[in-house]
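Take a look at the structure set out below.
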Amino acid sequence: MESNSVAKSAVKLFYFHTPELVPHTETPDCAIAIDVLRATSTIATALDAGAEAVQVFSDLDTLRVQSEAWPAERRLRAGERGGKQVEGFDFGNSPLEVTPERFRDRRLFISTTNGTRSLTRIQQAKTVIAAALVNRQAVVDFLKREQPETVWIVGSGWEGSYALEDSVCAGAIAAPLQSQIQLGNDEMLAAIALYQHWEHNLYGLLCQASHGQRLLRLKCEADLDYCSRVDILQVLPKQGEPGVLMSAPLASAVPQETSVA
Ligand SMILES: O=C(O)[C@H](CS(=O)(=O)O)OP(=O)(O)O
Ligand SMILES: [Mg+2]
């Protein structure tokens, strides 16, 4: 009998490069959307700054209509297309624009090119989480504590194509769990290898990625620097109702086994 060893859990981790690659026939126990540049970094930052919730939309018009039903003094609207703020919105998609003074107790209604589309795509999963490098450890701790059987990590990509920065974040989540999980697909293994190669120079990787290059052309270098930082926020954005993410209680630690004297 194994008295001192920890049995390998049944958690099975899959990585999908884009929301378009997510299977239509099943739903996982837990789905994790990643958009390091920049939607999920911004969502984590908004909740960390005290936002009441973040409500995501793939479509700007639906956002405009639904946010009208919310009291004006308790809402903020973020709209981004092509990396730039959409006219008439309070914010674009920069986590550096988020301050506790503006966000505390307000609901953020947000639509971005890629990230909010992937969150919308996975919203039927039993549990939905938004992850970025900035809140990586909170997501790792959640998986350790909750042990969902099937986990889909979904990169947001860029308009349907692969994004390096989302893959490296998927690897950053899976790497510390390797001894405790089963790998669901080759994409997950490749993401771990990518992270292990770049873990000491994530900013350098983001600067080389095509999405990073686009943001550098838009003079968003400080955004790249911020989004490349690992574990700087202790926040877990978790879906409460479809499309609405809230800050969930953190897993303080993996539960200890109760010892019987
Ligand atoms: O604002 C962003 O960083 C991107 C848009 S673009 O790729 O820079 O044009 O949106 P996201 O939904 O966060 O990928
Ligand atoms: Mg992106």
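We count ligands from 1, going down the list as the structure has it; atoms in each ligand are counted the same way.
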Give me the residue, atom name and distance of the protein heavy atom closest to [atom].
atom: atom 5 (C) of ligand 1; answer: Glu80 OE2, 2.8 Å
atom: atom 9 (O) of ligand 1; answer: Gly83 N, 3.1 Å
atom: atom 8 (O) of ligand 1; answer: His211 NE2, 3.3 Å
atom: atom 3 (O) of ligand 1; answer: Arg38 NE, 2.9 Å

For this session: Please say whether the positively charged group of Arg75, taken as NZ for Lys or CZ for Arg, lies over the ring of Trp70, i.e. under 6.0 angstrom from the six-membered ring centre and within 45 degrees of the axis.
Result: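 No; the conditions do not both hold, so Arg75 does not lie above the ring face of Trp70.
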Could you tell me whether [X] approaches ligand 1 through its side chain, its backbone, both or neither, with non-hydrogen atoms closer than 4.0 Å?
X: Asn93; answer: side chain
X: Asn114; answer: both
X: Arg214; answer: side chain

Exercise. When rounded to the nearest 0.5 angstrom, what is the spacing between CG in Asp90 and CZ in Arg106?
Worked result: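 Asp90 atom CG to Arg106 atom CZ measures 8.0 Å (nearest 0.5 Å).
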Exercise. What is the distance from atom CD1 of Ile43 to atom CD1 of Ile110, rounded to the nearest 0.5 Å?
Worked result: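 Ile43 CD1 to Ile110 CD1: 5.0 Å, rounded to 0.5 Å.
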Indicate the atoms forming the closest heavy-atom contact of [X] with [Y], along with that distance.
X: Ala46; Y: Val54; value: CB-CG2, 4.2 Å
X: Tyr226; Y: Val134; value: O-CG1, 3.6 Å
X: Ser111; Y: Leu63; value: N-CD1, 3.5 Å

For this session: Go through the steps to decide whether Trp152 and Glu26 satisfy the test side chain to side chain contact (heavy atoms under 4.5 Å, CB included), and finish with yes or no.
Result: CA-CA 11 Å; Trp152 291 358; Glu26 325 151 41; 4.1 Å; yes
Those atoms of ligand 1 less than 4.0 Å from some heavy atom in [X]:
X: Gly82; answer: 9 (O)
X: Asp35; answer: 11 (P), 12 (O), 13 (O), 14 (O)
X: Leu215; answer: 3 (O), 8 (O)
X: Ala39; answer: 13 (O)
X: Trp158; answer: 6 (S), 7 (O), 9 (O)

Exercise. Do the charged groups of Asp225 and Arg229 touch, with an N to O distance under 4.0 Å?
Worked result: yes
Problem set entry | Salt bridge present between Arg117 and Glu159 (N-O < 4.0 angstrom) |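 Result for this pair is no, no salt bridge flagged.
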Problem set entry | Residue pair Lys238, Glu146: steps toward the salt bridge (Lys or Arg N to Asp or Glu O under 4.0 Å) verdict | CA-CA 13 Å; Lys238 184 163 175 268; Glu146 297 297 326; over 6 Å; no
Exercise. Backbone or side chain, does any N or O of Gly157 fall under 3.5 Å from an N or O of ligand 1?
Worked result: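 No; every N/O pair is 3.5 Å or more apart.
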For this session: Please determine if the Mg ion (ligand 2) has an N/O/S atom from Asp166 lying under 2.8 Å away.
Result: no
For this session: Give a yes/no answer: is there an N/O/S atom of Leu37 under 2.8 Å from the Mg ion (ligand 2)?
Result: yes
Exercise. With a cut-off of 6.0 Å (strictly less than), are more than 12 heavy atoms of other residues, nucleotides or ligands near CD of Glu199?
Worked result: yes
Exercise. Out of curiosity, is Ser156 lining ligand 1, as in a heavy atom under 4.0 Å away?
Worked result: no
Problem set entry | N, O or S atom within Asp35 nearest to the Mg ion (ligand 2), by name | OD1
